[in-house]
Amino acid sequence: MLLSITSCSVKSSQKHTFSIENGSFVYDGDTIHIYSGEMHFARIPEPYWRHRIQMAKSMGLNAIATYVFWNYHETAPGKWDWETGNHNIRKFIRICQEEGMHVILRPGPYCCAEWDFGGYPWWLQKNEELVLRTDNKPFLDSCNVYINQLMNQIRDLQVTHGGPIIMIQVENEFGSYVAQRKDIPIETHHKYSAAIKQQLLDAGADVNLFTSDGSWLFEGGHVEGAFPTANGESNVERLKDTVNKYHGGQGPYMVAEFYPGWLDHWNEPFNKVTAEEVASQTKKYIDGGVSFNFYMVHGGTNFGFWSGANYGNSKDIQPDLTSYDYDAPISEAGWPTPKYFAVRDILKRSVDYEVPQVPDSIPVIEIKNIELSKTVDIFSLIDDCKFIESDSLLTFAELNQGSGYVLYRRSFGEAVKGLMEVPGVADFGVVYVNGRKVGSLNRLTGKDSLMIDIPSGGVLDILVENFGHINYGARITKNEKGIIEPISIAGKEVSGGWKMHNLPMAEMPDMGSLPEGYVDGRAVLYGGSFKLDTVGDTFLNMEDWGKGIVFVNGINLGRYWKVGPQQTLYLPGCFLRKGDNQIVVFEQLNDVRQSAVSGIKVPVLEKLKSA
């Protein structure tokens, strides 16, 4: 009898079995299909985990897939966080089990996912002997430490030990990388991916392993002994033919990334996929006996500096939005969309288990006129004793910093003027002469030069922002940030005498301890407080601002940028509290002096302006 995984069986405390037999997924002896939805616990506030999982279940799904981001858990070299807040992977997986959902784990070590550096810790770049994503001993040694750390957390949460994890992925979309890196022998590629598989096995992975690639990329991505799944394959017959070729002439057949939406970049239109398209493809998969995982069923948010970046043929970088809404069936704030209900209707007619009622959404509130009563000139944070001096420009990594901002400074004894060329700006720079803003540099648009006039005794400052490390493609191995090539003025290289100052913005600035100050056009901190009688989700309206980040009650909500298409920042109600709340806005451009910000009830994610 063909079944789908029933919720009650997942909740049971008894040990269950899950296997791949005779071309089918088999759970406790019954042939089943997997209807999964992907959500990433790092992108969802921990107090909302259960709500989002319940939303997926109420759409008719029976499994949750999630990436594990290495750099989210190794917070500094050798320092691991598996317990605080969103880092508590065991709690997330246990909630999935309590809600009757199986778990598909995607641990990388490379994840992509529009996440900073695809999940790699930034400091791996500091080891000159280490080469990412290949058969390189220093890299594989680092991967092995991570995999053992992870397996120590989840080993007993596999279905073989009474937990909900039914499958674990080996690497991620490696076939794409093989196609992009034809300079590396295929034998070396396969030796690397086989090594990752072996590390998982040695660390205690004893559930079914799988790979995930475009159907045309299986040759490079498949790993012997791991079940192959396809990403983005809409043609059922092509899916079956390809899987058969690499899986002994039989299934099961699964699309591990079924895209109901798509990723989004700053300065590009917001991508949309219609409910009708998604519903139609869902029915095709079900009718064809294909299991699937919606990537994403719920995208969540790239809080802090966790958003990554892509690149294209015509663009040196394409930074990802703070919002990871993804036009998914469940919105960034956890709301059901028309797409959600279209899929739910199909699944309700197709599965033999009860599909629960849709949970209520988290309450939404409006916050009018949050007064920003204090300003702090960013240059007052610059401590002359903390400058790092060098004859050459140092990258973020060389300055032991992974994200945020760095101030580059140079004094000039003699006057100099002309075209200043900064071909290595990575990624956005605001330029000052003697503390006065004279322009900006933007890797996204290719603007890497401007006319400059520095008087005798003058000081040049360039405040550089890291957009997020590239997370996909061959260039992931060349991911330096800061000013990564020499600067020239009037055709002459500016060498010697450079000073760099770290501004990681890793924590919300303590406005009470900083001096009041404001200079027109200069980067500034705005601070304020506001009282609430009732808490709920809201969306900070940043449309009239320039570029920067926002902290509320110590939490970095992520980047805003006037170019769009995202014009609001999601502020979950669980970040707020009844009574006093604190807000700090770091505004990099400061073209217009601000006095207040407000929280509105509906996000603005599709309003594109020119960069």
Side-chain angles (χ1 to χ4, degrees), residues 2 18-27 31-36 38 63 65 104-108 110-112 133-135 166-201 205 207-259 280-295 472-474:
L2 184 66
F18 179 85
S19 59
I20 295 174
E21 301 175 21
N22 301 319
S24 298
F25 294 120
V26 179
Y27 183 74
T31 300
I32 54 89
H33 284 123
I34 299 169
Y35 302 134
S36 175
E38 183 133 353
I104 299 169
L105 203 66
R106 310 181 70 190
Y110 165 75
C111 293
C112 186
R133 219 177 175 193
T134 193
D135 182 36
I166 56 174
M167 295 196 297
I168 296 176
Q169 185 179 353
V170 179
E171 237 277 349
N172 180 58
E173 297 179 314
F174 190 58
S176 296
Y177 193 68
V178 171
Q180 294 155 352
R181 293 300 305 274
K182 291 185 171 65
D183 56 310
I184 299 174
I186 189 68
E187 295 80 11
T188 302
H189 282 308
H190 283 162
K191 188 176 179 183
Y192 158 69
S193 56
I196 294 298
K197 176 197 166 190
Q198 192 60 48
Q199 288 183 356
L200 286 165
L201 293 172
V207 295
N208 286 96
L209 302 180
F210 73 101
T211 57
S212 182
D213 292 284
S215 59
W216 64 99
L217 297 167
F218 275 28
E219 180 60 32
H222 82 282
V223 176
E224 193 68 32
F227 163 61
T229 68
N231 287 354
E233 181 53 74
S234 59
N235 186 305
V236 171
E237 292 309 311
R238 184 162 55 228
L239 166 69
K240 292 182 177 181
D241 288 345
T242 309
V243 171
N244 287 345
K245 182 179 177 182
Y246 291 90
H247 198 242
Q250 60 183 3
Y253 308 106
M254 182 169 182
V255 174
E257 291 193 2
F258 169 17
Y259 305 114
S280 174
Q281 189 62 47
T282 301
K283 190 173 187 307
K284 287 180 184 178
Y285 287 149
I286 293 172
D287 291 347
V290 174
S291 294
F292 55 79
N293 172 53
F294 283 111
Y295 187 98
Y472 176 78

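Positions are given from 1 along the sequence. All values below were derived from every heavy atom in this structure, side-chain atoms included, with hydrogens, water molecules and symmetry-related copies excluded.
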Give me the ring orientation class for His222 and Tyr246: parallel if the planes are under 30° apart, tilted from 30 to 60°, perpendicular past 60°.
tilted
How about Thr134 and Ile184: do any of their side-chain heavy atoms sit closer than 4.5 Å?
yes
For the student: nearest non-hydrogen atoms of Ile186 and Gly220, plus distance:
CD1-CA, 4.2 Å
If you apply the rule side chain to side chain contact (heavy atoms under 4.5 Å, CB included), what do you find for Asn244 with Tyr253, and how did you get there?
CA-CA 9 Å; Asn244 287 345; Tyr253 308 106; 2.7 Å; yes
Distance (rounded to the nearest 0.5 Å) between Ser176 OG and Trp216 CH2
7.0 Å
Can you find a heavy atom in the side chain of Leu201 that is under 4.5 Å from one in the side chain of Leu209?
yes
Keeping Asn208 on the side-chain end and Met167 on the backbone end, is there a donor-acceptor pair under 3.5 Å?
no
Mind checking the CZ-OH spacing from Phe258 to Tyr295? Nearest 0.5 Å is all I need.
15.0 Å
Compare every heavy atom of Val223 with every heavy atom of Val170, then report the nearest pair and how far apart it is.
CG1-CG2, 4.3 Å
Euclidean distance, Ser19 OG relative to Ile166 CD1, rounded to 0.5 Å
11.0 Å
Quick one: do Arg106 and Asn172 satisfy side chain to side chain contact (heavy atoms under 4.5 Å, CB included)? Show the steps, please.
CA-CA 8 Å; Arg106 310 181 70 190; Asn172 180 58; 3.0 Å; yes
Full working for side chain to side chain contact (heavy atoms under 4.5 Å, CB included) between Arg181 and Arg133
CA-CA 11 Å; Arg181 293 300 305 274; Arg133 219 177 175 193; over 6 Å; no
Name each donor-acceptor pair under 3.5 Å that joins a side chain in residues 225-234 to protein atoms two or more places apart or in another chain, with its distance.
from   : atom 1 : to     : atom 2 : distance (Å)
Thr229 : OG1    : Thr211 : O      : 2.7
Asn231 : OD1    : Ser212 : OG     : 2.5
Asn231 : OD1    : Glu257 : N      : 3.3
Asn231 : ND2    : Glu173 : OE2    : 3.0
Asn231 : ND2    : Ser212 : OG     : 3.1
Glu233 : OE1    : Ser215 : OG     : 2.5
Glu233 : OE1    : Arg238 : NE     : 3.2
Glu233 : OE2    : Asn235 : N      : 2.9
Glu233 : OE2    : Arg238 : NE     : 3.3
Glu233 : OE2    : Arg238 : NH2    : 3.2

Side chain to side chain contact (heavy atoms under 4.5 Å, CB included) evaluation trace for Tyr192 with Phe174
CA-CA 10 Å; Tyr192 158 69; Phe174 190 58; 3.4 Å; yes
When every non-hydrogen atom of Val243 is compared with those of Gln250, the smallest separation belongs to CG1-O, 3.9 Å
pair Leu105-Gln169: side-chain heavy atoms closer than 4.5 Å
no
Between the main-chain N or O of Gly289 and the side-chain N or O of His33, is there a donor-acceptor pair closer than 3.5 Å?
yes
Shortest non-hydrogen contact from Asp213 to Gly175?
OD1-N, 2.7 Å
Please determine whether salt bridge (Lys or Arg N to Asp or Glu O under 4.0 Å) holds for the pair Glu224 and Lys197, giving the CA-CA distance in whole Å, both sets of side-chain angles, and the decisive distance to 0.1 Å.
CA-CA 9 Å; Glu224 193 68 32; Lys197 176 197 166 190; over 6 Å; no
Ring centroid separation for Tyr35 and Phe292, is it under 6.0 angstrom?
yes
So, Ser291 side chain and Ile34 main chain: donor-acceptor pair closer than 3.5 Å or not?
yes
Would you check if the side chain of Lys240 reaches a backbone N or O of Gly288 as a donor-acceptor pair within less than 3.5 Å?
yes
Check the angle between the aromatic planes of Phe18 and Tyr27 and answer parallel, tilted or perpendicular using the 30° and 60° thresholds.
tilted
Which distance, rounded to the nearest 0.5 Å, do you find between the OH of Tyr110 and the OH of Tyr177?
9.0 Å
How about Val236 and Val290: do any of their side-chain heavy atoms sit closer than 4.5 Å?
yes
Shortest non-hydrogen pair, Glu171 vs Ile196, comes out as N-CG2, 4.0 Å
Do Ile20 and His247 come close enough that some side-chain heavy atom pair is under 4.5 Å?
yes
A side-chain contact here means heavy atoms from C-beta on lying under 4.5 Å apart; do Leu239 and Val255 qualify?
yes
Which heavy-atom pair separates Ala179 from Lys182 by the least distance, and what is that distance?
O-NZ, 2.8 Å
Distance alone, cut at 3.5 Å: any donor-acceptor contact between the side chains of Tyr259 and Gln281?
no
